[in-house]
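Reminder, nothing fancy here: chain letters follow the sequence lines and each chain counts from 1.
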Amino acid sequence: MELPPGHYLATRAAALAAACLCYRRGSPGRGLALRAVRRASRQDIDGVGQKYHLELVLEDLLDKDSTVNCTAEVLYHLGNNIPPDVQFTIEGELKNAEEADNIFYNRIKSLEKELVAENIPDSHGNVSPEMEPVHLLAWVASGYVIWQNSTENTKFQLAQIKHVKQVKRSDEYLEFDYTILLHEMVSQEIIPWQMTVLWHPQHGVQVTQDSRQPEHASE
Amino acid sequence: RQLLLSTSTFDYATYHSLDEIYAFMDLLVAENPNLVSKLEIGRSTENRPLYVLKFSRGGTNRPAVWIDTGIHSREWVTQASGVWFAKKIVLDHENDEGLASVLDKMDIFLEIVTNPDGFVFTHTQNRMWRKTRSRHSGSLCVGVDPNRNWDAGFGGPGASGNPCSETYHGPYANSEPEVKAIVDFVKNHGNIKAFVSIHSYSQLLLYPYGYTSTPVPDQKELHQISEKAVAALSSLYGTSYKYGSIITTIYQASGGTIDWTYNQGIKYSFTFELRDTGRYGFLLPAKQIVPTAEETWLALKVIMQHALDHLY
């Protein structure tokens with residue numbers, strides 16, 4: 001069944017697909033975001049779940065003029081006990097992020113003390129230039145958390161990095177321990193989430209551990 | 001912080017505190033006494049005054065446009081835009097043909113900080129606070145979602161009965177003084193023809209209903225206005241908006257502002273969700289305040305112009 005591209009079922013599935021895609025293809029030098037939904041259709045599969053076919057436009061967060069088209073298939077499983085399946089095909093090439101990635105990698109590797117920061121962006125939306133790649137890395141990594149926890153009734157966005165701490169490693173990987181705030185748009189809740197993120201320019205981004213944190217109860 | 005001496009030296013491209021915004025309002029009135037006045041329509045839970053600016057060329061109880069910003073306190077670009085709109089009206093009310101023709105026949109009411117308790121809380125304690133700061137008996141949790149507290153499908157699906165939830169509808173409709181103040185104002189005024197409630201984020205222009213999938217009788221007209229308003233908005237910086245009814249575009253939501261205002265007979269009831277689409281979300285960089293306000297103003301003018309041309 002064809003969906004109007006502006007219908008919330010389409011936009012939620014699209015956000016999920018974009019998050020997953022961003023996780024698989026993103027890096028501190030390349031963050032991808034959903035620009036538009038061109039087409040969407042939904043199919044109810046008896047005993048299995050809901051399948052979406054999507055045609056999307058994605059943009060490069062560091063270069064708004066750089067966009068790619070992509071098609072994606074999303075399968076939400078009945079009962080939501082297992083994360084949705086997402087498959088995608090990107091048409092054309094993504095912008096090369098090698099230079100930006102290497103600059104960031106070398107900068108962190110040469111730090112005397114492990115990086116620590118909080119509130120990115122701050123209350124006024126500021127992100128310092130040095131923290132941009134740290135923000136983008138969280139954006140990419142949160143794609144994993146979003147993908148793993150999405151249903152037809154959720155739409156997650158990264159709201160803020162509350163705290164990030166680099167974890168010393170003896171190998172070539174960079175490791176960061178993030179506490180992020182996710183904004184879930186259907187319930188409007190702000191959900192703290194911890195994630196351990198591994199990254200290497202040649203090996204992509206990996207979330208090795210993540211856990212939902214308790215919210216401020218009454219505050 | 002320096003003492004504000006004039007609305008010409010006010011920094012519109014940064015986020016301000018409640019005190020600074022209230023000082024701005026007083027200055028705007030003092031500088032333009034023939035156009036602008038300040039009304040107190042009630043008090044918040046924590047006893048803060050709820051102020052509405054009235055822009056009027058005279059007359060008695062003229063048909064009016066209502067605009068509110070900041071009903072959800074964490075949506076900071078909205079209050080900041082409200083401040084900009086106030087100044088814009090003052091700057092343009094004679095030389096801008098469209099605005100001048102609106103003010104010739106209609107009044108504009110603008111409530112910039114619709115939820116002052118929440119707003120202060122976002123500055124002092126929790127930047128992500130959304131709701132009011134009321135405490136209702138029997139709960140450890142604070143606050144009611146002011147956009148679920150209106151008497152339209154109140155308590156139905158699309159709001160939560162859990163006081164700890166961000167979409168808690170409250171113990172009963174209009175339990176929140178911030179909401180009751182507007183309800184009373186609208187009913188007493190009796191001549192409001194367009195009502196616009198401004199939120200962020202998502203880049204959407206929405207019309208009723210949220211609480212039911214039954215389309216409003218004026219759906220076709222509201223859809224056409226939305227199309228025109230969004231085109232005007234986009235024309236400035238290329239910002240793309242989607243539009244539609246609340247229930248098909250974002251979700252079912254009961255007890256919402258514009259569902260109530262529409263059911264009161266205010267045909268031209270709209271909700272905006274301003275920039276962005278999630279990259280910064282509620283934490284929109286301050287340098288986007290003015291561009292956001294500028295483009296939104298173009299959409300607002302379309303709505304106001306339409307109301308003027310189709311007075312009912």
Side-chain angles (χ1 to χ4, degrees), chain A residues 3-12 14-15 18-19 22 31-37 57 59 61-62 64-65 119-127 135-136 139 142 146 152-162 181-192 215-219, chain B residues 14-15 72 74 76-77 80 121-123 125-131 133 135 139-143 145 147-148 158-160 162-168 201-202 204 238 240-253 273 276-289:
Chain A
L3 286 172
H7 192 280
Y8 65 76
L9 285 176
T11 49
R12 286 177 200 174
C22 180
L32 296 166
L34 180 67
R35 164 76 73 89
V37 181
V57 183
E59 68 184 15
L61 285 178
L62 295 179
K64 289 301 176 68
D65 293 329
N119 292 332
I120 302 167
D122 67 16
S123 283
H124 293 226
N126 297 316
V127 178
H135 185 214
L136 272 185
W139 175 268
S142 67
I146 290 170
E152 272 191 309
N153 297 315
T154 64
K155 187 162 183 253
F156 288 98
Q157 288 284 349
L158 172 66
Q160 191 182 34
I161 300 167
K162 282 310 282 181
L181 295 180
L182 287 177
H183 174 218
E184 201 291 288
M185 298 192 71
V186 180
S187 65
Q188 290 293 345
E189 299 293 332
I190 302 289
I191 308 168
E215 293 161 48
H216 295 254
S218 52
E219 267 192 296
Chain B
T14 189
Y15 293 108
H72 286 141
R74 61 190 181 198
W76 276 19
V77 71
F121 201 73
T122 60
H123 279 269
Q125 299 272 23
N126 180 355
R127 175 63 178 82
M128 296 293 175
W129 189 260
R130 165 186 170 90
K131 302 187 285 184
R133 292 292 303 164
R135 281 159 213 274
S139 176
L140 291 168
C141 290
V142 178
D145 184 342
N147 199 23
R148 300 290 187 279
S160 173
N162 179 350
C164 300
S165 161
E166 294 280 36
T167 56
Y168 175 49
Y201 57 94
S202 284
L204 302 170
S240 84
Y241 265 60
K242 293 220 168 69
Y243 54 96
S245 69
I246 296 167
I247 198 170
T248 58
T249 313
I250 29 172
Y251 41 46
Q252 186 173 25
E273 292 277 359
D276 59 11
T277 53
R279 179 179 182 183
Y280 292 97
F282 300 122
L283 307 179
L284 194 71
K287 64 178 190 276
Q288 289 197 46
I289 294 171

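- Both the backbone and the side chain of A:Ser123 come within contact range of chain B, judged by heavy atoms closer than 4.5 Å.
- Most heavy-atom pairs under 4.5 Å with chain B: of the set A:Gln160, A:Met185, A:Lys155, A:His135, this distinction falls to A:Met185.
- Looking at B:Ser202, only its side chain comes within 4.5 Å of chain A, counting heavy atoms on both sides.
- Both the backbone and the side chain of B:Arg279 come within contact range of chain A, each with at least one heavy atom under 4.5 Å from a heavy atom of that chain.
- Formation of a donor-acceptor pair under 3.5 Å by the B:Lys242 side chain with backbone atoms of B:Thr249 is not found in this model.
- Aromatic ring centres of B:His123 and B:Trp129: separated by at least 6.0 Å.
- Contact annotation for B:Tyr251: both backbone and side-chain heavy atoms come within less than 4.5 Å of a heavy atom of chain A.
- A salt bridge is defined here as a Lys NZ or Arg NE, NH1 or NH2 lying under 4.0 Å from an Asp or Glu carboxylate O, and B:Glu166 with B:Arg74 meets this definition.
- Judged by a 6.0 Å distance limit and a 45° cone about the ring axis, B:Arg148 is not positioned over the six-membered ring of B:Tyr168.
- Without hydrogens or angle criteria, A:Lys162 side chain to A:Ile120 main chain gives no donor-acceptor distance under 3.5 Å.
- Proximity to chain B (any heavy atom under 4.5 Å) is shown, for A:Ala159, by both the backbone and the side chain.
- The part of A:Arg12 that comes within reach of chain B is its side chain, from C-beta onward, which places non-hydrogen atoms under 4.5 angstrom from that chain.
- With a 4.5 angstrom heavy-atom cutoff, A:Leu158 touches chain B only via backbone atoms.
- For a residue to count as touching a neighbouring chain, one of its non-hydrogen atoms must lie under 4.5 Å from one of that chain's; by this rule A:Asp122 touches chain B with the backbone only.
- Checking B:Tyr15, B:Phe282, B:Tyr201 one by one against B:Trp76, the ring-ring contact (aromatic ring centres under 6.0 Å, His included) holds for a single residue, B:Tyr15.
- Only the side chain of A:Leu181 comes within contact range of chain B, with heavy atoms under 4.5 Å apart.
- Between A:His183 and A:Phe156, the ring centre distance reaches or exceeds 6.0 Å.
- Looking at B:Ile289, there are no atoms closer than 4.5 Å to chain A (heavy atoms on both sides), in backbone or side chain.
- Side chain of B:Arg127 to main chain of A:His124: no donor-acceptor pair is present (N/O by atom type, distance under 3.5 Å, no hydrogens or angles).
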